[in-house]
Amino acid sequence: MSSLYEQIGGQPAVDAAVDIFYRKVLSDDRISHFFEGVDMDKQIGKQKAFLTMAFGGPHNYTGQDMRKGHAHLVARGLNGTHFDAVAENLSNTLTELGVAQNLIDQVMAIAGSTRNDVLGL
Amino acid sequence: MPTFTFSGVACQAAPEESVLDALLRHGVEVSNSCRAGACQSCMLRATSGVLPAASQQGLKATLVEQGYFLSCVCRPEGDLVLEPAGGLEFTASIAALERLSANVLRVRLRTDTPLEYRPGQYLTLRRADGLARSYSLASLPEDGALELHVRRAPRGRMSGWLFDEARVNEAVTVRGPAGECFYTGGSPDQPLLLAGTGTGLAPLIGILRDALRLGHRGPIHLYHGALRPEGLYLREELRDFDSAHANLHYTPVVLEGGEPEGIAAGALDKTITAAHPKLSGWRGFLCGDPGIVQLLKKKLFLAGMASRDIFADAFVEAPGS
Ligand SMILES: Cc1cc2nc3c(=O)[nH]c(=O)nc-3n(C[C@H](O)[C@H](O)[C@H](O)COP(=O)(O)OP(=O)(O)OC[C@H]3O[C@@H](n4cnc5c(N)ncnc54)[C@H](O)[C@@H]3O)c2cc1C
Ligand code: HEM
Ligand code: FES
């Protein structure tokens, strides 16, 4: 059985998803303020890292990295509502791309497993 | 075993080892984060050697063309020479100085050896005393001289010197070219959107001429923004150029100062999105004031332009340096 990442389509799938996902996030008033980075190209890179990780792809982030990486956002008020909004945009992105529901469920489980680290709980 | 050099340091990659890991093992500092070819923080540039396709997947066309690659997913099969970005240094002299408007000076430079560049890239101009500033190229290599458009910055050191003191034949140094904001062939029918404020027009003119020279057939929309009509320049020339090319559409836009004939009034971003609400499938080039470049990037992206089709150079000033 190939991995979740392979089943979703690997790096080409990340490339296809990143613009759709980032456009949704930037248009979502609940969370857009966290993502209005100075440089859009750098933000796109970070969103690709996020998607690769959520798709079960190769990465070297630990829970501790996620904690550190989002601590400055927690300090700015990042909470569970924001987390759910990101998850919703992720799920909608995959639906829009026609990804099978059972794969979406697995992606959402991976994203959900980072919740406490991302929110610094 | 593939060998590569980075800024003169020779490294050997172990079998299956990435360029990033080999460099780190040799004590070379390279920024990195995901180590999986996603975040682009480990990007380096190769000046010779063959790069594995996987190390350039997902990068913009202008980066690929210049040999940029992601070192964390690069397992080279042969030797590579890696360089920090930024180009080479050339001695040059001022060939001509000409006012294009009260606040814009056209500077032409002649280098001893020809500089290889793509129109729209920039170079760094260094004065004899070491003061250095970046300026974008409005010329094509076949023009011979390098053409820059310099805006007079209030109490600006380099721009003030060029306007008031510099003389023809004065010796300067240039380093370059650099930048990824330029035209690449391969999609001759794609609609192009070029937008900028002030001397952001300089690289846009270079890109525009390059696209036409390379046979671009799709529509090319050039928007030049300024606060007031006095901030626009080369209007007659661009209007004539527009008339001579059926696919070129030039629109000057001013924020204040009524609506003089042939000039649109309003904010640059709103003028553009009102005229082109849907931009999926387009390619965009944005240059000039950093705040406006940033805003336009976001607006074009939200209107559907793919992130990898957006090329930009923000004219960041470095006060105090
Ligand atoms: C990639 C790139 C491409 C560029 N291309 C172009 C181009 O094609 N055309 C162009 O005109 N410009 C371009 N620029 C901008 C250019 O490089 C210079 O920044 C610009 O010409 C100003 O340089 P200066 O030496 O005249 O002014 P500086 O002396 O650097 O001063 C810049 C401004 O800061 C203010 N300032 C200076 N010192 C201080 C201080 N201590 N505190 C607060 N404010 C201060 C000055 O009053 C001035 O308004 C580009 C920049 C980049 C990064
Ligand atoms: C769903 C679980 C999440 C995962 C797995 C995740 C993962 C990541 C990863 C891998 C990065 C890139 C780090 C780097 O390379 O620098 C990142 C960056 C980022 N994340 Fe998350 N993230 C999650 C949730 C969130 C949420 C809920 C928000 C805010 C609403 C958020 C906002 C950001 C921002 C703004 C960045 C860029 C940080 C910066 O520029 O400094 N993330 N995330
Ligand atoms: S470290 Fe993220 S792309 Fe190489």
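The sequence lines fix the lettering, A, B, ..., with proteins before strands; numbering per chain opens at 1.
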Side-chain contact test, heavy atoms from C-beta onward, threshold under 4.5 Å: evaluate it for [X] versus [Y] and give yes or no.
X	Y	result
A/D41	B/Q40	no
A/H59	B/R35	no
A/N60	B/C34	no

Sort B/K298 into side chain, backbone, both or neither according to what part of it lies under 4.5 angstrom from a heavy atom of chain A.
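The answer is both parts of B/K298.
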Is B/M305 in contact with chain A via its backbone, its side chain, both, or neither, using a 4.5 Å heavy-atom distance?
backbone
Enumerate donor-acceptor pairs with a distance under 3.5 Å from any side-chain N or O in residues 44-52 of chain A to protein atoms, sequence neighbours excluded.
{"residue": "A/Q47", "atom": "NE2", "partner": "A/Q43", "partner atom": "OE1", "Å": "3.2"}
{"residue": "A/K48", "atom": "NZ", "partner": "A/D15", "partner atom": "OD1", "Å": "3.0"}
{"residue": "A/T52", "atom": "OG1", "partner": "A/K48", "partner atom": "O", "Å": "2.7"}

Between CE on residue A/M40 and CG on residue B/L300, distance to nearest 0.5 Å:
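A/M40 CE to B/L300 CG: 8.5 Å, rounded to 0.5 Å.
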Rounded to the nearest 0.5 Å, what separates atom OH in A/Y22 from atom OG in B/S307?
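Taking OH in A/Y22 and OG in B/S307, the distance rounds to 10.0 Å.
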Set out, in order, the CA-CA distance, both residues' side-chain angles and the distance that settles salt bridge (Lys or Arg N to Asp or Glu O under 4.0 Å) for B/K297 and A/D39, then state yes or no.
CA-CA 9 Å; B/K297 259 188 174 183; A/D39 184 78; 3.7 Å; yes
Kindly write out the residues that satisfy side-chain hydrogen bond (donor to acceptor under 3.5 Å, both in side chains) with A/T114, not counting sequence neighbours, or none if the list is empty.
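By the side-chain hydrogen bond (donor to acceptor under 3.5 Å, both in side chains) rule, A/T114 matches no residue at all.
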Residue by residue, scan residues 72-111 of chain A and write down, ordered by number, those that have a heavy-atom distance under 4.5 Å to chain B; if none do, write 'none'.
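Expected list: none.
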With salt bridge (Lys or Arg N to Asp or Glu O under 4.0 Å) as the rule and sequence neighbours excluded, what pairs involving residues 276-293 of chain B come up?
none
Heavy-atom pair of closest approach, residues B/L302 and A/S27:
CD2-OG, 3.5 Å
